[in-house]
Amino acid sequence: MAKDTVTITDNSNGKSVEVPIIRGTHGPPVMDVRALYKETGMFTYDPGFLSTASCQSKITYIDGEKGILLYRGYPIEQLAAQSSFLEVCYLLWYGSLPTKDEFEEFSSMISHHTMVHEGLRDFFNGFRRDAHPMAVMVGVVGALSAFYHDSLDIHDARSREISAHRLIAKIPTIAAWAFRYSRGVPFPYPQNNLGYAENFLHMMFSYPSEEYNVNPVIAKAMDVIFILHAEHEQNASTSTVRLAGSSQANPFASVSAGIGALWGPAHGGANEAVIKMLKLIEDPKNINKFVDKAKDRNDPFRLMGFGHRVYKNYDPRAKIIRQSCLEVLKELKVNDPLFEIAMKLEEIALKDEYFIKKKLYPNVDFYSGIIQRAIGIPTSMFTVIFTIGRAIGWISQWQEMITEKVQKIGRPRQLYVGAKTRDYVPVNER
Ligand code: SDX
């Protein structure tokens, strides 16, 4: 038997098959089971994909045991400390860090795509003012394919690049307008002389009636938040974008599907759910009661912002965002009681046998809500902020999927446990 194979034996008939092992740069190898059904007549079974690699990728590597996160090989700690979100966008899309000239050209390209078609402004008027901004994002980002037909040829590299530029550039404008629409205040235009995060904050909080200068500490914190949320391997929303894109749907429609998946409180909606949970706890003296609820298997309550499918150690992003949080609260002289509760909750949970045994640590969502509250971003916008950061990850993973040598539509099978074959019974005989 070749050394790089696994033998699977069906003990019901003694038949064995050799399954090739494929090894990557880092992380667990995979068993290549693509021929398994043809050779054994059996499917693999893995609801939730706990043991399934859905693709090969060069974009992100996560070591959940060691709390490692690399974007194109670069540690997230170094990128958060030394890079900028726009440079991280370049890195994720093109695969390497840009030279000075390459970055200047890329930044100029992005800043000249920040405006959106005036027809798209009217699109907002169809929504109720109290619509959740994520509902607006799903609709408006999907509608980009109703305005930018010239860059939808998924088999053309230049079209894919233009779509990526448009998405990165326009998503902050759309997000800020979703917020402005909910408040009934006018839509500002992007200011191309501002940096990416600065421009977003300006579109969120400026008023035509007065000068608005973005606090550089806040702009830096916003930029770090975007970097930390940019990419995360085959999470639920990225897998959704890949699956939608595998049908050869256009990139905006595929990303819109990803936005829908991110909205869930088990995924990107967790940052909003964390704030709701901290408000529910209300006082540090109630923490133990809620920790007990989270441990009770008969109680659906979970500690939002805790646990992760991959990280069985502290989420490296949570460490960085916690530090950023302290800096912003200090800069703004904000004394947020929810931050006190969060730190106390973290301290109690990390010492609790249940959380230690199940390896439940704070994830990126645990502190991101608190820092956004300090910046003045409303809770309903937290997952929209996540969307702005993750858009580059989605579109980079989409491109990697669509340019695979053998690009196949994603179509999983199932274990059927329904009714046996039976004949139709006319209604008067039932
Ligand atoms: C994100 O995948 C990604 O990369 C996502 C993300 C990204 O950047 O894209 O990192 C962003 O989505 C972060 C996660 C945000 N979600 C939350 O904070 C919601 C709270 N967390 C849980 O819902 C849960 O931890 C998940 C969904 C994050 C992970 O769920 P898994 O991997 O399916 O784990 P599980 O639900 O099977 O839990 C394993 C055990 C269970 O107990 P048993 O059934 O074994 O007795 O741990 C328990 C769970 O009950 N558990 C928790 C818990 N999370 C898991 N118990 C209490 N509180 C929690 N938060």
Side-chain angles (χ1 to χ4, degrees), residues 46-54 57 59-65 67-71 76 80 88 92 225-242 258-278 280-281 287 289-321 342 345-346 348-350 352-370 382-383 385-394 396-397:
D46 187 16
F49 312 121
L50 288 116
S51 300
T52 294
S54 60
S57 180
I59 300 174
T60 292
Y61 173 66
I62 303 173
D63 182 324
E65 295 305 324
I68 290 171
L69 171 58
L70 308 177
Y71 289 172
I76 191 68
V88 165
L92 289 170
I225 288 172
F226 289 148
I227 290 174
L228 297 178
H229 288 84
E231 226 301 286
H232 215 241
E233 198 217 64
Q234 305 312 319
N235 58 84
S237 53
T238 300
S239 300
T240 301
V241 172
R242 277 180 168 258
I259 296 174
L262 186 74
W263 194 359
H267 188 14
N271 48 23
E272 185 175 350
V274 165
I275 295 301
K276 286 186 183 141
M277 174 187 73
L278 294 174
L280 204 60
I281 293 173
I287 288 176
K289 182 178 75 174
F290 282 88
V291 168
D292 291 342
K293 273 174 68 69
K295 290 155 53 175
D296 176 358
R297 294 197 63 163
N298 301 316
D299 188 328
F301 175 80
R302 285 193 165 174
L303 281 193
M304 301 317 280
F306 266 79
H308 198 277
R309 170 62 57 75
V310 179
Y311 289 123
K312 300 309 171 191
N313 193 323
Y314 214 103
D315 181 337
R317 304 168 297 176
K319 272 187 200 150
I320 298 165
I321 214 162
L345 175 59
E346 180 190 33
I348 293 171
L350 292 183
D352 185 286
E353 193 42 43
Y354 172 94
F355 290 87
I356 294 167
K357 192 160 90 20
K358 291 186 187 291
K359 299 185 176 182
L360 301 173
Y361 291 87
N363 57 52
V364 67
D365 291 297
F366 188 60
Y367 285 105
S368 72
I370 295 172
F382 290 175
T383 312
I385 303 300
F386 198 145
T387 302
I388 297 172
R390 188 53 54 89
I392 181 59
W394 289 328
S396 302
Q397 293 268 354

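Below, each value reflects all heavy atoms present in this structure, side chains not excepted, and no hydrogens, waters or symmetry copies. Whatever order the structure lists ligands and atoms in, that order sets their numbers, starting from 1. Nothing fancy with the numbering, it's 1 onward along the sequence.
In this structure the side chain of Ile385 never reaches within 4.5 angstrom of the side chain of Asn271, judged on heavy atoms. Taking 4.5 Å as the limit, every side-chain heavy atom of Met277 sits out of range of all side-chain heavy atoms of Phe306. Inter-residue side-chain proximity for His229 and Ser368 is flagged as met; some heavy-atom pair is nearer than 4.5 Å. Annotation: side chain of Phe386 is in contact with side chain of Asp365 (closest heavy-atom distance under 4.5 Å). Side-chain contact between Gln397 and Ser57: present, with at least one pair of heavy atoms (C-beta onward) separated by less than 4.5 Å. In this structure the side chain of Asn363 never reaches within 4.5 angstrom of the side chain of Tyr311, judged on heavy atoms.
Ligand 1 is never approached by Gly48 to a heavy-atom distance shorter than 4.0 Å. Ligand 1 has Pro265 within reach: a non-hydrogen atom of the residue lies less than 4.0 Å from it. At least one heavy atom of Arg317 lies less than 4.0 angstrom from ligand 1. Between Tyr354 and ligand 1 there is a heavy-atom distance shorter than 4.0 Å. Residue contact annotation: Val310 has no non-hydrogen atom under 4.0 Å from ligand 1. Under a 4.0 angstrom heavy-atom cut-off, Arg390 registers as being in contact with ligand 1.
The single protein non-hydrogen atom nearest to atom 12 (O) of ligand 1 is His267 ND1, 2.9 Å, given as residue, atom name and distance. Atom 43 (P) of ligand 1 has Lys358 NZ, 3.6 Å as its closest protein atom, hydrogens excluded (heavy atom only). Protein heavy atom closest to atom 58 (N) of ligand 1, with residue, atom name and distance, is Leu303 N, 3.2 Å. With respect to atom 41 (C) of ligand 1, the closest heavy atom belonging to the protein is Arg302 NH2, 4.0 Å. The single protein non-hydrogen atom nearest to atom 17 (C) of ligand 1 is Ala270 CB, 3.5 Å, given as residue, atom name and distance. In terms of protein heavy-atom proximity, atom 28 (C) of ligand 1 is nearest to Gly307 O, 3.7 Å. Summary of contacts: the protein heavy atom closest to atom 14 (C) of ligand 1 is Asn363 ND2, 3.6 Å. Given atom 20 (C) of ligand 1, the protein heavy atom at minimum distance is Phe306 O, 3.4 Å.
Distance remark: protein heavy atom not present below 4.0 angstrom from atom 37 (O) of ligand 1. For atom 26 (C) of ligand 1, no protein heavy-atom neighbour is found at a distance under 4.0 Å. Shown here, atom 34 (O) of ligand 1 is out of close reach of the protein: none of its heavy atoms lies under 4.0 Å off.
Between atom OG1 of residue Thr240 and atom CD of residue Gln234 there is a gap of 11.0 Å, rounded to the nearest 0.5 Å. Atom CG in Leu303 sits 8.5 Å away from atom CG in Leu360 (nearest 0.5 Å). In this structure, OG1 in Thr60 is found 3.5 Å from CD in Glu231, a value given to the nearest 0.5 Å. Here the CD1 atom belonging to Ile227 is positioned 12.5 Å from the CD1 atom belonging to Ile392, to the nearest 0.5 angstrom. The CG atom of Asn235 lies 7.5 Å from the NE2 atom of His308; values are rounded to the nearest 0.5 Å. Atom CD1 of residue Ile348 and atom CZ of residue Phe355 lie 10.5 Å apart, to the nearest 0.5 angstrom.
Residue Thr238 does not touch ligand 1, judged by heavy-atom distances below 4.0 Å. Here Arg309 has heavy atoms under 4.0 Å from ligand 1 in both its backbone and its side chain. Residue His308 touches ligand 1 through backbone and side chain together, judged by heavy-atom distances below 4.0 Å.
Of all the listed residues (Glu231, His232, His229), His232 holds the heavy atom that lies closest to atom 4 (O) of ligand 1.
With ligand atoms numbered from 1 in the order given, ligand 1 contributes 56 (N), 57 (C) to contacts under 4.0 Å with heavy atoms of Ala294. Ligand 1 places these atoms under 4.0 Å from at least one heavy atom of Gly305: 17 (C), 18 (O). In the vicinity of Asn235, heavy-atom distances shorter than 4.0 Å reach the ligand 1 atoms 2 (O), 3 (C), 4 (O), 5 (C), 9 (O).
Checking His267, Arg242, His232 one by one against Ser237, the side-chain hydrogen bond (donor to acceptor under 3.5 Å, both in side chains) holds for a single residue, His267. For the side-chain contact (heavy atoms from CB on, under 4.5 Å) with Pro316, the qualifying choice from Ile76, Leu228, Ile62 is Ile76, the only one to do so.
Classified by interplanar angle (parallel below 30°, tilted 30° to 60°, perpendicular above 60°), the ring pair Tyr361/Tyr314 is tilted.
Any N or O atom pair closer than 3.5 Å counts here, and Phe355 shares no such pair with ligand 1.
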